[in-house]
Amino acid sequence: MLDPQLLRNDLEQVAKSLAVRGYQLNVDEWKQLERRRKSVQIETEELQNKRTTISKSIGRAKSEGENVQPLLDEVSAIGLQLDESKELLKKIQAEMESVILYTPNLAHESVPVGKDEGDNIEVRRWGQPKQFDFEIKDHVTLGERNRGLDAESAANLSGSRFTLLTGEMAQLHRALAQFMLNQHIQNHGYKEYYVPYLVNVETMRGSGQLPKFVDDAFITEDERYLIPTAEVPLTNLVADTILDESELPIKMTAHTPCFRREAGSYGKDTRGMIRQHQFEKVEMVQIVHPKHSFQALDEMTGHAEAILQALELPYRVIVLCTGDMGFSATKTYDLEVWLPAQNTYREISSCSNCTDFQARRMKARFRPFDNQKTQLVHTLNGSGLAVGRTLIAVLENYQQKDGSVLVPQVLQPYMAGKTVMNQLS
RNA sequence: GGAGAGUUGGCCGAGCGGCUGAAGGCGCUCCCCUGCUAAGGGAGUAUGGGUGUUAAAAGCUCAUCGAGGGUUCAAAUCCCUCACUCUCCGCCA
């Protein structure tokens with residue numbers, strides 16, 4: 001949620017800034033709503049004040065045995081007027097809320113202006129794509145051996161966009177998640193959390209998934225939502241709280257499944273386990289002092305990079321342009337890992353600074369040391385990393401001519417010391 | 001799933017229709033006194049919104065006693081619905 005104050009004082013600038021993101025704010029409509037809101041609110045409050053004042057005097061007059069009828073008459077007229085005024089105010093406020101809840105965050109000035117993913121800018125690369133002297137296979141082909149990666153069974157169980165992993169594949173998958181978590185808690189200063197996978201509407205709204213993106217989420221019969229990312233429960237842990245400045249920064253990590261409808265992505269990434277309704281992710285979330293959020297974004301991106309580096313997977317870092325950023329983000333770095341079979345880099349992590357956008361929705365504040373007014377915190381989230389896609393990257397980058405796969409050194413302790421996997425059984 | 005009890009400020013806890021944004025205590029902040037491992041006295045101490053302002057502040061004002069609705073001139077206090085917590089029973093990894 002944007003700062004209503006900003007919308008009031010600097011509307012033209014905000015509209016311009018939103019336009020760069022591809023969002024058209026109806027300036028005239030907003031101006032008018034704002035004008036009406038102001039006059040109606042003032043009127044309502046004045047009536048409210050009058051009523052309270054008279055009501056109190058009724059109490060006093062009564063206790064002194066005076067005749068209160070004239071006062072009663074006066075106040076009942078006010079009551080009717082007040083009801084009307086209140087009703088109108090509610091309506092206007094609801095209208096304004098529906099605009100503001102659908103309005104994305106403003107992009108940071110350092111974010112490149114652009115229309116779509118074609119305008120994203122590469123920031124740096126790490127590692128050299130390996131040269132293979134044999135014909136390489138993609139993860140689907142590699143996974144077919146021993147039925148380690150079994151899309152057909154998954155489809156029979158659940159439908160398209162699900163994957164079944166068996167044997168060493170399942171083990172590698174688990175090893176990756178464990179490894180990532182351990183890195184973050186041991187080397188990067190995060191605390192591990194185990195969180196609910198079903199959350200309520202308020203929680204989804206707090207981090208910005210609702211109301212705009214209802215169609216992306218799975219909802220249960222009793223109106224809970226399957227989390228699309230651990231960002232949702234983790235970030236909302238500070239909803240409605242006033243933290244002490246000394247508690248900042250808060251660094252949290254969790255390994256969870258993520259559930260996404262993937263509505264509107266028909267025909268995209270249909271082969272293999274790139275885009276699934278259910279996938280695992282290790283997520284990082286930081287709650288920080290507003291002064292430090294951009295520094296924290298760089299650090300968090302580094303934490304995600306550290307995983308790829310430890311796995312020796314080549315990747316590049318890109319900064320998303322204004323048109324490609326997510327709803328709540330003010331700046332986002334994507335990490336793209338090298339997939340030899342696709343001969344390209346594919347997204348494996350996304351790290352965003354949401355500034356006070358989520359915090360305002362959630363009412364997440366802190367009290368500064370000097371004990372003045374409370375301030376909104378800044379929130380950040382990043383994948384560290386998407387487990388399924390990391391599995392794909394490992395398979396494809398570590399494959400050998402015979403279809404077996406070398407186990408990255410850092411994962412070997414998690415694989416019972418195994419150095420080679422996916423051999424014919 | 002059934003039965004009952006509860007939900008008040010940072011915490012504990014009173015209030016059960018008007019003078020209560022809320023007694024009292026604890027905690028915290030500041031000041032004074034005393035001086036030694038402690039104590040005493042005084043003052044202050046919720047959050048959010050609006051208005052105001054060049055910006056801010058003061059001031060004025062509204063809302064909030066789990067949430068939402070209702071009754072009433074007036075609700076923390078009465079009524080209804082829901083959520084959550086606790087206890088007992090049932091079921092269960």
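Among the nucleotides B/U47, B/G21, B/A75, the one closest to any side-chain atom of A/Arg365 is B/U47. Candidate nucleotides B/G52, B/G50, B/U61 were compared by shortest atom distance to the side chain of A/Lys38, and B/G52 ranks first. The side chain of A/Ser55 has B/A74 as its nearest neighbour among B/U47, B/U61, B/A74. Closest approach to the A/Arg51 side chain among B/G21, B/A75, B/G69 is made by B/A75 (side chain taken as heavy atoms from C-beta onward). Nearest nucleotide to the A/Glu34 side chain, out of B/A46, B/U51, B/C73: B/U51. Side-chain atoms of A/Ile42 lie closest to B/U51 of the nucleotides B/U51, B/U47, B/C73. Among the nucleotides B/C73, B/G52, B/G50, the one closest to any side-chain atom of A/Ile58 is B/C73. For A/Arg37, counting side-chain heavy atoms from C-beta on, the closest listed nucleotide (B/G50, B/G48, B/C73) is B/G50. Listed nucleotides B/C73, B/G49, B/U47 differ in distance to A/Gln41; the shortest reach to its side chain belongs to B/G49.
Between A/Glu262 and A/Arg260 there is no salt bridge, since none of the side-chain N atoms of the basic residue sits less than 4.0 Å from a carboxylate O of the acidic one. Ion pairing of A/Glu34 with A/Lys31 is absent here, as no side-chain N (NZ or NE/NH1/NH2) approaches a carboxylate O to less than 4.0 Å.
As the counterpart of B/C78, B/G70 is assigned, both hydrogen-bonding distances of the Watson-Crick or G-U wobble pattern falling under 3.5 Å. Using N1 to N3 plus N6-O4 or O6-N4 for Watson-Crick, or N1-O2 and O6-N3 for G-U wobble, each under 3.5 Å, B/A39 pairs with nothing. Across all strands shown, B/U20 remains unpaired; no Watson-Crick or G-U wobble contact has both distances below 3.5 Å. Figure legend. B/U47 is base-paired to B/A63; pairs are counted as Watson-Crick or G-U wobble with both atom distances under 3.5 Å. Using the Watson-Crick or G-U wobble rule with both distances under 3.5 Å, B/U34 pairs with nothing in any strand shown. Summarising the base pairing, B/G6 is matched to B/C84 through a Watson-Crick or G-U wobble pair whose two defining distances lie under 3.5 Å. Using Watson-Crick or G-U wobble geometry with both donor-acceptor distances under 3.5 Å, B/G52 finds no partner in any strand shown.
Separating the C1' atom of B/C92 from that of B/G17 is a span of 47 Å, rounded to the nearest Å. Using P as the reference atom, B/U71 and B/C28 are 47 Å apart when rounded to the nearest Å. Comparing B/A22 with B/U64, their C1' atoms are spaced 12 Å from each other, to the whole Å. Comparing B/C78 with B/G24, their P atoms sit 23 Å apart, to the nearest whole Å. Atom name P, nucleotides B/U7 and B/G15: the rounded distance is 11 Å, in whole Å. Using atom P as the reference point in both B/U77 and B/C86, the two lie 25 Å apart (nearest Å). Annotation: B/A39 and B/G52 have their C1' atoms spaced 48 Å apart (nearest Å). The same atom, C1', is picked in B/G66 and in B/C84; the two are 7 Å apart, to the nearest Å.
Atoms CG (A/Leu6) and P (B/A55) sit 14 Å apart, rounded to a whole Å. Atom NZ of A/Lys90 and atom C1' of B/A63 are 13 Å apart (whole Å). Rounded to whole Å, the distance from CD1 on A/Ile54 to C1' on B/C19 is 17 Å. Atom pair A/Asp83:CG and B/C73:P shows a separation of 11 Å (rounding to whole Å applied). In this entry the distance linking CG of A/Leu47 with P of B/C73 reads 17 Å, nearest Å. Atom CD of A/Glu245 is separated from atom P of B/G10 by 19 Å (rounded to the nearest Å).
If you check distances only, the side chain of A/Lys363 never reaches the base of B/G48 with a donor-acceptor pair under 3.5 Å. Applying the 3.5 Å distance criterion, the base of B/G49 shares a donor-acceptor pair with the side chain of A/Glu45.
Using a distance-only test at 3.5 Å, with no hydrogens or angles considered, no donor-acceptor pair links the side chain of A/His289 to the main chain of A/Glu245. Remark: the backbone N or O of A/Val407 is paired with a side-chain donor or acceptor of A/Gln412 at under 3.5 angstrom.
In terms of phosphate contacts, A/Thr44 brings no side-chain nitrogen or oxygen within less than 4.0 Å of OP1 or OP2 of B/C62. Contact check, A/Lys62 against B/G17: no side-chain N or O comes under 4.0 Å of OP1 or OP2.
Residue A/Arg8 is in sugar-phosphate contact alone, with no base atom involved, counting any heavy-atom pair closer than 4.0 Å across all strands shown. If you check every strand for non-hydrogen atoms under 4.0 Å, A/Ile242 touches sugar and phosphate atoms only.
Heavy atoms from other residues, nucleotides or ligands lying under 6.0 Å from CD of A/Glu122 number more than 12.
Centroid-to-centroid, the aromatic rings of A/Phe357 and A/Phe327 come within less than 6.0 Å.
Across A/Cys321 and A/Asn120, no two heavy atoms sit closer than the pair N-OD1, 2.8 Å.
Residue-to-nucleotide proximity on RNA chain B shows that, of A/Gln375 and A/Gln48, the 5′-proximal contact is made by A/Gln375.
For the pair A/Lys212 and A/Tyr102, the cation-pi criterion (under 6.0 Å, within 45° of the ring axis) is not fulfilled.
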